[in-house]
There are 2 protein chains.
Amino acid sequence: MVLNTPVEQPSKETILSVLKAADRIRRHFTEILKPCGLTLQQFNVLRILRGAGPQGLPTLEVGERMIEKTPGVTRLLDRLEEKGLVSRERCHEDRRQQLCTRTQAALDLLAELDEPIVQGDRDTLANLTAQEENELKDLTSRILR
Amino acid sequence: MVLNTPVEQPSKETILSVLKAADRIRRHFTEILKPCGLTLQQFNVLRILRGAGPQGLPTLEVGERMIEKTPGVTRLLDRLEEKGLVSRERCHEDRRQQLCTRTQAALDLLAELDEPIVQGDRDTLANLTAQEENELKDLTSRILR
DNA sequence: TCTATTTCCTTGACAGATCAACTAGTGTTA
DNA sequence: TAACACTAGTTGATCTGTCAAGGAAATAGA
């Protein structure tokens, strides 16, 4: 998950700290989602599809919004379809595309999760002031750019 | 990899930014390691074992230093052993333990990687001043704590 | 209009993360 | 010393990430 601990250069420490923080964040939300039987990525897909509305999105579009390689998305969608949370059908204008839509069940599930997730957001940054939060956003956005 | 993009609360943006940065960092180092046929985690294990010296470390110890669940470590070590980079043998004092040691081949490989990795560290934070770097370390270390 | 290329997506294969269940030694204690 | 719990590690199953290869529809060019 994370680079190891032997620390010499200060940069290494900083990088390590960023990676560890991301790791804690991921675990935190994974924990929140576990009772619903959703993984973090599945949840992301559902939220993206909720945002897309009833007309749905083609597979690649979903992938792009997740910064994710396509093959993973296909199989992610496979599982969500099996669970009845997503439905897919060929697009008529462009028959290469598969339009993915969230089902009503997905909307219900997401609605249940909204509060816990917002709370999770709060908990994640509970130790930072609003200003520090902005600073953190700024600094991380400038990493490797 | 990352939470999706629909953004309402500022906390969400910050969290997203941290996750994305970690993602870029991970990809960056993965890229550096690819020519050597090592994954990031394999590299971590080898560095840990290099740090441990010739007497090696039991499997669980390796796992702890990686913030990693044990089962994963076992299989990680399996692959490294197949590649001839790690050797394992039962500990005589406590026959439950497997002592894992880096081989000479591993040391050679790591030596080759030291410079590229240090350069990778530099590149990662190239856009931050030393002070900003410290700030980033501080802020991330306070996330979810 | 027919081939060549591109685009969208799927499949296969393998590394890795995580959970649950299990084996094999160790230690403890009655 | 026999029974019990504990520790170290492995194995199996499922999900995800990534690469490489490929199919099928759309598009471009001759």
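These values consider heavy atoms only, across backbone and side chains, with no hydrogens, waters or symmetry-generated copies. Residue numbers start from 1 in every chain, and the chains themselves are labelled A, B, ... in the order their sequence lines are given, proteins ahead of strands.
- With sequence neighbours excluded, no residue forms a salt bridge (Lys or Arg N to Asp or Glu O under 4.0 Å) with A:Arg79.
- Side-chain N/O atoms of B:Lys34 include one lying less than 4.0 angstrom from OP1 or OP2 on D:dC19.
- Summary of helix geometry: the two end axes of the helix from C:dT1-D:dA30 to C:dA30-D:dT1, each defined by five base pairs via their C1' atoms, are inclined to each other by 0° (rounded to 10°).
- Residues passing the side chain to side chain donor-acceptor pair (under 3.5 Å) test with B:Glu93, sequence neighbours excluded: none.
- Side-chain N/O atoms of B:Thr70 include none lying less than 4.0 angstrom from OP1 or OP2 on D:dG9.
- OP1 and OP2 of D:dT18 both lie 4.0 Å or more from every side-chain N or O belonging to B:Arg26.
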Below 3.5 Å between N/O atoms, which protein atoms pair up with nucleotides 13-15 of chain D? Just atom names and distances, please.
unit_1 : atom_1 : unit_2  : atom_2 : d
D:dA13 : N6     : B:Arg75 : NH2    : 3.3

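- Interface residues of residues 93-102 of chain A facing DNA chain D, ordered by number: A:Glu93, A:Asp94, A:Arg95, A:Arg96; criterion, heavy-atom separation under 4.0 Å.
- Applying the salt bridge (Lys or Arg N to Asp or Glu O under 4.0 Å) criterion to B:Glu81, with sequence neighbours excluded, gives B:Arg88.
- Not counting sequence neighbours, the partners of B:Thr70 by the side chain to side chain contact (heavy atoms under 4.5 Å, CB included) test are B:Leu60.
- Applying the side chain to side chain donor-acceptor pair (under 3.5 Å) rule to A:Gln42 yields the partners A:Lys83; only residues at least two apart in sequence or on another chain are considered.
- At whole-Å resolution of the value, NZ in B:Lys69 and P in C:dA21 are 16 Å apart.
- By the salt bridge (Lys or Arg N to Asp or Glu O under 4.0 Å) test, A:Glu89 is found to be paired with no residue, residues two or more places apart in sequence or in another chain being considered.
- With rounding to the nearest 0.5 angstrom, the CG atom of A:Leu49 is 7.5 Å from the OG1 atom of A:Thr101.
- Between B:Leu33 atom CG and C:dG16 atom C1' there is a gap of 15 Å when expressed in whole angstrom units.
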Which pairs would a plain distance check flag for residues 30-38 of chain B, meaning a side-chain donor or acceptor within less than 3.5 Å of a matching protein atom at least two apart in sequence or in another chain?
unit_1  : atom_1 : unit_2  : atom_2 : d
B:Thr30 : OG1    : B:Arg26 : O      : 2.7
B:Glu31 : OE1    : B:Lys34 : NZ     : 3.4
B:Glu31 : OE2    : B:Lys34 : NZ     : 3.3

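- Applying the side chain to side chain donor-acceptor pair (under 3.5 Å) test to A:Arg142 and every residue at least two apart in sequence or in another chain returns A:Asp138, B:Glu132.
- Residues forming a salt bridge (Lys or Arg N to Asp or Glu O under 4.0 Å) with B:Glu61 (at least two apart in sequence, or on another chain): B:Arg65.
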